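Single-structure report; data block below.
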Number of protein chains: 2
Amino acid sequence: MKPTDMAKEGTEMTEETEHMIEKNGAKETEHVVSAGDTKEMRAVILSGFGGLNKLRVTKKAMPEPQEGEVKIRVKACGLNFLDLMVRQGNIDNPPKTPLVPGFECSGIVEAMGGNTKGFEIGDRVMAFVNYNAWAEVVCTPLDYVYNMPDDMTFPEAAAFSMNFVAAYMMLFEVANLREGMSVLVHSAGGGVGQAVAQLCSTIPSVTVFGTASSFKHESIKDSVTYLFDRNADYVQEVKKISPEGVDIVLDCLSGENTGKGLGLLRPLGTYILYGSSNMVTGETKSFFSLAKSWWQVEKVNPIKLYEENKVIAGFSLLNLLFKQGRCGQVKTVVEKLFSLYNQKKIKPVVDSLWALEEVKEAMQRIHDRGNIGKLILDVEKSPTPLMASDSTETSEAGEEEEEHEGDSDNKERMPFIQ
Amino acid sequence: MKPTDMAKEGTEMTEETEHMIEKNGAKETEHVVSAGDTKEMRAVILSGFGGLNKLRVTKKAMPEPQEGEVKIRVKACGLNFLDLMVRQGNIDNPPKTPLVPGFECSGIVEAMGGNTKGFEIGDRVMAFVNYNAWAEVVCTPLDYVYNMPDDMTFPEAAAFSMNFVAAYMMLFEVANLREGMSVLVHSAGGGVGQAVAQLCSTIPSVTVFGTASSFKHESIKDSVTYLFDRNADYVQEVKKISPEGVDIVLDCLSGENTGKGLGLLRPLGTYILYGSSNMVTGETKSFFSLAKSWWQVEKVNPIKLYEENKVIAGFSLLNLLFKQGRCGQVKTVVEKLFSLYNQKKIKPVVDSLWALEEVKEAMQRIHDRGNIGKLILDVEKSPTPLMASDSTETSEAGEEEEEHEGDSDNKERMPFIQ
């Protein structure tokens with residue numbers, strides 16, 4: 001099937017991802033699609049909440065910048081665990097579908113609305129977007145747009161924004177990391193985990209404890225002081241090495257881990273809950289039961305915090321940016337991070353690049369925790385030809401899809417390790 | 001009745017406070033008591049948990065310094081809300097009675113045990129003590145002893161230790177106070193409140209919201225940006241001025257205030273629970289029902305912290321020092337604070353000086369929230385003669401005492417405002 005053979009869905013032209021593949025893997029996929037009508041663009045669309053089969057590549061009307069907005073020709077987009085949660089509708093106040101997922105991208109400024117001082121056409125930029133990032137073109141308010149360092153590549157920038165900003169703010173603005181402290185981070189091989197490890201290395205004598213799948217240990221062992229298998233009893237492992245516990249626990253697992261994390265804190269230590277990957281990867285098949293465990297997280301008694309001199313914090317970068325209007329504070333953090341990048345003290349780790357059409361496989365890879373560093377959607381990349389065993393076409397029900405998703409041996413395409 | 005007419009209680013010579021008063025208010029009370037036997041000393045004793053009538057001045061065997069301890073001839077002791085909680089047994093794992101209360105003092109080094117490098121006989125020192133501070137002599141490990149600045153008086157030092165260390169650690173180590181932030185502090189006229197206000201003034205553009213009894217407003221208005229009456233709806237008052245809330249809430253009230261305090265936080269703001277004066281001053285008569293409300297404080301859902309980007313912390317300086325072994329960290333804080341004192345950026349506010357024999361009246365004054373700054377027990381001070389209306393002799397039951405304590409018109413002696 002050719003990209004031009006599209007089926008109408010509402011007012012938008014949508015199509016199954018796997019049908020978008022050019023037989024020859026040609027580089028000019030984007031041009032083929034966009035050449036006919038410059039007012040349209042390709043985008044990933046989530047047609048409804050559920051499994052991978054809810055994702056498709058779509059032709060959409062190209063957005064035009066409003067007052068205060070910057071229009072960006074997207075080169076690369078970041079893919080986060082949060083995007084899997086969004087796909088499942090597993091977030092508070094989920095938006096209406098269909099929607100274009102994605103919260104971060106990098107690219108080139110193509111146009112501006114009024115009052116967008118500081119930007120010019122042709123600028124290389126990194127940007128946050130409140131959804132809609134996974135497209136060829138995005139428009140976003142200039143408060144969320146940052147001029148990239150000259151040496152930074154587009155995939156690096158798309159790998160940089162959410163992970164490094166979140167890691168920096170958690171370590172330095174919520175928890176006040178200082179010399180000689182210790183930090184526990186889960187998923188140490190992931191995008192946030194690698195950002196945390198790098199930022200810890202900018203402070204003298206910081207000990208980093210990390211959990212990660214054993215097969216990643218060789219690759220990431222230089223960035224983390226002590227590595228434990230993700231299935232190990234990390235509380236016991238940490239206490240063997242540091243009986244008094246750690247100063248900072250960064251937790252994206254949630255559930256019963258809050259009590260564990262708090263229990264591991266040294267006096268004046270800080271536990272930060274910043275996400276919930278367990279919600280997506282838990283043992284049960286239904287994401288509704290997972291959502292239930294997410295909401296039934298154990299509550300904390302302030303008196304216990306008082307007696308034990310402990311701190312518990314929550315951190316959501318997206319809420320900070322899009323609900324709580326703290327762009328100014330985030331901009332200051334981005335500037336500090338770019339400075340560290342220019343000094344070569346930090347460098348985003350890109351796991352792999354994927355075409356928009358490969359978003360399902362990319363999500364599968366995050367779900368399976370196969371990645372080391374960040375997964376990037378490379379808008380200009382052509383998808384790798386499908387292998388014969390493609391099974392996503394036969395799976396339509398969300399629940400079945402969940403089961404399928406848990407099966408890590410079922411990849412359709414090879415990952416593109418950079 | 002003369003000081004020599006003492007009744008035996010166990011192995012210690014105890015006596016009702018009011019019986020200790022020299023009829024002529026003579027300055028040499030201490031010498032009269034201690035002249036007969038140099039191995040004894042005067043001390044305040046708490047004979048059992050309950051009302052003010054559980055406090056007496058006692059003769060006790062003088063302690064001698066053990067290995068690593070410093071023996072201090074006490075000049076001044078600090079009196080805190082916490083001491084009222086201890087008196088009522090309203091603390092976790094209360095120690096056995098009889099005991100000598102008091103956690104901080106200043107004085108002169110009189111002797112040392114082995115391994116007490118850094119101190120010499122005659123040194124003017126400030127010290128933390130794990131109980132036993134309200135006595136003529138205390139011994140405490142050298143980790144809790146600090147050489148005082150030359151210009152600091154003994155009452156200032158006794159007013160300094162707990163309040164300024166707690167205020168500093170909460171503002172700068174737990175909450176990370178920075179330029180332009182805002183702070184809400186309850187009991188702004190109290191010892192911690194005044195320390196918080198002064199420390200906030202060392203950082204540019206910090207807004208301080210404070211609650212205090214209206215009669216104190218004139219006295220403390222220069223130290224606090226916005227003052228509200230302690231009975232006002234402070235949530236509404238703060239929101240009128242700063243609809244977005246504040247960056248730091250310091251709460252010694254507890255109970256239903258945790259939710260209020262969290263609700264007032266701006267994104268990335270920190271709520272710190274550091275005590276519970278409501279426990280002592282609540283509306284009900286029985287301290288057991290008060291203790292119940294203390295333990296039934298509302299619990300916090302980490303998910304809510306995540307969504308709202310908020311931080312909740314507990315801070316107990318005593319636990320940090322005596323249970324959690326963080327003397328080194330506290331010593332560093334004391335050094336920073338002494339530096340600020342020497343630069344004349346901070347100065348402890350002493351409300352009034354009281355003889356050991358006046359400890360009941362001093363506690364009554366704290367209970368009634370009559371103080372501006374810190375109440376000090378001045379070990380060398382003679383008590384002021386009792387007035388005819390002394391009513392504490394007629395009140396023996398703890399429950400009745402609670403009722404009595406709530407009556408702020410019932411002072412036996414005039415306070416000694418410095």
Side-chain angles (χ1 to χ4, degrees), chain A residues 91-93 169-170 172-178 180 244-245 251-252 254-255 257-259 261-262 266-276 279 294-321 323-326 329-330, chain B residues 91-93 169-170 172-178 180 244-245 251-252 254-255 257-259 261-262 266-276 279 294-321 323-326 329-330:
Chain A
I91 54 172
D92 192 33
N93 294 318
M169 295 190 85
M170 289 194 287
F172 297 108
E173 310 217 331
V174 177
N176 202 2
L177 177 66
R178 283 159 293 170
E244 213 194 351
D251 194 357
C252 58
S254 189
N257 287 280
T258 302
L262 278 173
R266 300 178 71 192
L268 299 180
T270 304
Y271 167 93
I272 308 179
L273 176 69
Y274 71 95
S276 174
M279 215 172 89
W294 166 241
W295 291 105
Q296 284 180 345
V297 60
E298 58 189 302
K299 292 189 179 130
V300 175
N301 186 341
I303 305 297
K304 205 170 154 63
L305 299 176
Y306 166 77
E307 285 171 353
E308 298 184 354
N309 278 302
K310 290 181 175 176
V311 184
I312 175 168
F315 184 79
S316 161
L317 180 56
L318 291 183
N319 283 358
L320 203 64
L321 283 167
K323 287 187 181 172
Q324 296 158 1
R326 301 296 281 240
Q329 194 169 353
V330 171
Chain B
I91 54 172
D92 193 32
N93 294 319
M169 295 190 86
M170 289 193 288
F172 297 108
E173 309 217 331
V174 178
N176 203 0
L177 177 68
R178 282 158 294 171
E244 213 194 353
D251 194 355
C252 57
S254 187
N257 286 281
T258 302
L262 278 172
R266 302 177 70 193
L268 299 181
T270 304
Y271 167 93
I272 307 178
L273 176 67
Y274 71 94
S276 173
M279 213 172 91
W294 166 241
W295 292 104
Q296 285 180 346
V297 61
E298 58 188 303
K299 292 189 179 129
V300 176
N301 186 341
I303 305 298
K304 204 168 155 65
L305 300 176
Y306 166 77
E307 286 172 353
E308 298 184 354
N309 278 302
K310 289 181 176 177
V311 184
I312 176 168
F315 184 79
S316 161
L317 179 57
L318 292 183
N319 284 358
L320 204 64
L321 283 167
K323 287 187 182 172
Q324 296 158 1
R326 299 298 280 239
Q329 196 169 352
V330 171

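Everything numeric here is computed off the predicted structure, so don't read it as measured data. In what follows, chains are A, B, ... by sequence order, proteins preceding strands, each numbered from 1. Side-chain atoms are counted along with the backbone in the values below, which use heavy atoms only and exclude waters and symmetry mates.
Looking at A/I272, A/T258, A/D251, A/L262 one by one, the single match for side-chain contact (heavy atoms from CB on, under 4.5 Å) with B/P302 turns out to be A/T258.
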Handout entry: side-chain contact (heavy atoms from CB on, under 4.5 Å) assessment of B/K304 paired with A/K299
Key = CA-CA 10 Å; B/K304 204 168 155 65; A/K299 292 189 179 130; over 6 Å; no
Practice task
Could you please spell out the steps behind the side-chain contact (heavy atoms from CB on, under 4.5 Å) verdict for B/E307 and A/K323?
Solution key: CA-CA 10 Å; B/E307 286 172 353; A/K323 287 187 181 172; over 6 Å; no
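Closest non-hydrogen pair, B/E244 versus A/Q324, comes out as OE2-O, 4.1 Å.
A donor-acceptor pair is defined here as one N or O able to donate and one able to accept, closer than 3.5 Å; no such pair exists between the side chain of B/N319 and the backbone of A/E308.
The most heavy-atom pairs under 4.5 Å with chain B, out of A/L268, A/N309, A/V311, A/V300, come from A/N309. For the options B/N176, B/V174, B/T270, B/L317, heavy-atom pairs under 4.5 Å to chain A are most numerous at B/N176.
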